[in-house]
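First comes the structure, then the notes that go with it.
Keep in mind that this is a model prediction, so the values were computed, not measured.
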Amino acid sequence: MKKTKKFLVLMLSVAIIVTVAVSPTISWLQSQSESVVNTFAGGKISIELDEAPVDEDGKEIDGDRVTENSYTYVAGSVLDKDPTPTILMGSDECYVFLYLENSLNDLFSLDINTTDWTLVASNGENSLYIFNSTVDASDATQDVTLTPIFEHVTVSTELTADDIEALGEKTLKVTAYAVQTEALDCQSAIDLAAEQFSFASTDITYVDINA
């Protein structure tokens with residue numbers, strides 16, 4: 001199969017989404033980023049998620065941060081994308097998670113920030129990461145912005161026209177989730193986050209960021 005020698009163009013919608021789930025059967029404070037309003041406050045925890053705007057080549061440009069970008073890619077493209085969670089000032093100390101729903105195949109790679117984020121659950125396409133320290137903004141004088149989970153999506157140089165036709169439009173969705181630390185150890189927080197995003201117990205790997 002020949003590699004393509006021409007630009008191969010296809011729109012890739014990449015959205016930061018949020019669902020809000022505060023169950024009356026769970027007594028712990030929870031907050032999850034929201035895609036339209038972009039901020040959801042549950043109890044005393046408020047979290048938001050955004051990324052830098054990009055141009056038609058997938059390169060970061062100046063402007064207000066956004067909750068959705070669309071990308072046109074070619075073989076060998078390096079696309080800028082930096083999903084970044086922020087805990088708003090006044091929020092109680094919390095564990096912070098990012099949930100990735102990735103329908104791309106192995107012709108696309110993410111430069112996951114494993115220094116600040118640790119994988120705690122995975123079931124193939126979907127993965128769940130925890131920030132490597134708790135975040136306390138209860139006495140903060142400004143919002144606490146964390147490091148992004150990744151900053152680039154790299155398209156393989158082996159991508160062909162046939163690959164693009166087979167791929168169609170794919171999405172990469174990121175959701176932020178936070179849960180209070182009070183009365184919860186790290187393992188219990190991971191259990192809550194994994195349950196929120198429907199991971200099976202066999203999908204979970206436990207870590208202790210407080211150790």
Please report the shortest heavy-atom distance between Ala176 and Leu49, naming the atom on each side. N-CD2, 3.7 Å

To the nearest 0.5 Å, what is the distance between OG on Ser70 and CD on Glu68? 5.5 Å

Taking atom CG of Asp80 and atom CD1 of Ile61, what is their separation to the nearest 0.5 Å? 10.5 Å

Shortest non-hydrogen pair, Thr115 vs Asn132, comes out as O-ND2, 2.9 Å

Return each pair, listed once, that meets ring pair (Phe, Tyr, Trp, His ring centres under 6.0 Å) where at least one residue sits in residues 111-158; pairs must be two or more places apart or across chains. Trp117-Phe131

Residue list, side-chain hydrogen bond (donor to acceptor under 3.5 Å, both in side chains) with Ser127, at least two apart or on another chain: none

Going by distance alone, is a donor N or O of one side chain under 3.5 Å from an acceptor N or O of the other, for Asp136 and Ser138? yes

Given the options Asn69, Thr84, Thr67, Glu51 meets side chain to side chain donor-acceptor pair (under 3.5 Å) only with Asn69

Beyond-backbone contact of Val153 with Asp111, side-chain heavy atoms, under 4.5 angstrom: no

The side chain to side chain contact (heavy atoms under 4.5 Å, CB included) partners of Ser156 (sequence neighbours excluded) come to Leu107, Glu158

Less than 4.5 Å apart, side chain to side chain, heavy atoms only: is that true for Leu88 and Glu48? yes

Would you call Val74 and Val155 a side-chain contact if the rule is heavy atoms closer than 4.5 Å? no

Table please: side-chain donor-acceptor pairs of residues 204-211 below 3.5 Å, with sequence neighbours left out.
residue	atom	partner	partner atom	Å
Tyr206	OH	Asp191	OD1	2.3
Asp208	OD1	Asn210	N	3.0
Asn210	ND2	Tyr95	OH	3.2

Under the side chain to side chain contact (heavy atoms under 4.5 Å, CB included) test, which residues partner Ala200, sequence neighbours left out? Thr202, Asp203

Side chains of Ile45 and Gln180: does their closest heavy-atom pair fall under 4.5 Å? yes

Close side-chain approach of Ser103 and Leu172, heavy atoms under 4.5 Å: no

For the side chain of Lys59 and the backbone of Val78, is there at least one donor-acceptor N/O pair under 3.5 Å apart? yes

Mind checking side-chain hydrogen bond (donor to acceptor under 3.5 Å, both in side chains) for Glu125 and listing every partner two or more places apart, or none if nothing turns up? none

Taking the side chain as C-beta and beyond, is there a heavy-atom pair between Val96 and Leu146 under 4.5 Å? yes

Pro85 and Ile149, any side-chain heavy atoms less than 4.5 Å apart: no

Could I get the full list of side-chain hydrogen bond (donor to acceptor under 3.5 Å, both in side chains) partners for Asp55, not counting sequence neighbours? none

With distance as the sole criterion, is a donor-acceptor pair present between the side chains of Thr86 and Thr145 under 3.5 Å? yes

Nearest heavy atoms of Leu167 and Tyr73, plus distance in Å: CD1-OH, 3.7 Å

Can you tell me how far the OG1 atom of Thr118 sits from the CD1 atom of Ile190, to the nearest 0.5 Å? 9.0 Å

With sequence neighbours excluded, residues passing side chain to side chain contact (heavy atoms under 4.5 Å, CB included) with Thr114: Ile112

Testing Leu119, Thr175, Leu110, Asn126 one by one against Leu100 for a side-chain contact (heavy atoms from CB on, under 4.5 Å), which residue passes? Leu110

Name all residues meeting the ring-ring contact (aromatic ring centres under 6.0 Å, His included) criterion together with Tyr99; count only those two or more places apart in sequence or in a different chain, and write none if there are none. Phe197, Phe199

Can you name the residues that form a side chain to side chain contact (heavy atoms under 4.5 Å, CB included) with Ala52, not counting sequence neighbours? Glu60, Arg65, Asp82

Please name the pair of heavy atoms, one in Ala189 and one in Val179, separated by the smallest distance, quoted to 0.1 Å. CB-CG1, 3.8 Å

Let me confirm one number: the CG-CG distance from Leu79 to Asp57, rounded to the nearest 0.5 Å. 9.5 Å

Please examine the side chains of Ile164 and Leu159, heavy atoms only from C-beta on, and report whether any two atoms are closer than 4.5 Å. yes

Only counting residues at least two apart or in another chain, list the ones meeting side-chain hydrogen bond (donor to acceptor under 3.5 Å, both in side chains) with Asn123. none

What is the distance from atom CG of Leu192 to atom CD of Gln187, rounded to the nearest 0.5 Å? 11.5 Å

Closest approach of Ile47 to Ala178 (non-hydrogen atoms, all atoms of both residues): CD1-CB, 4.0 Å

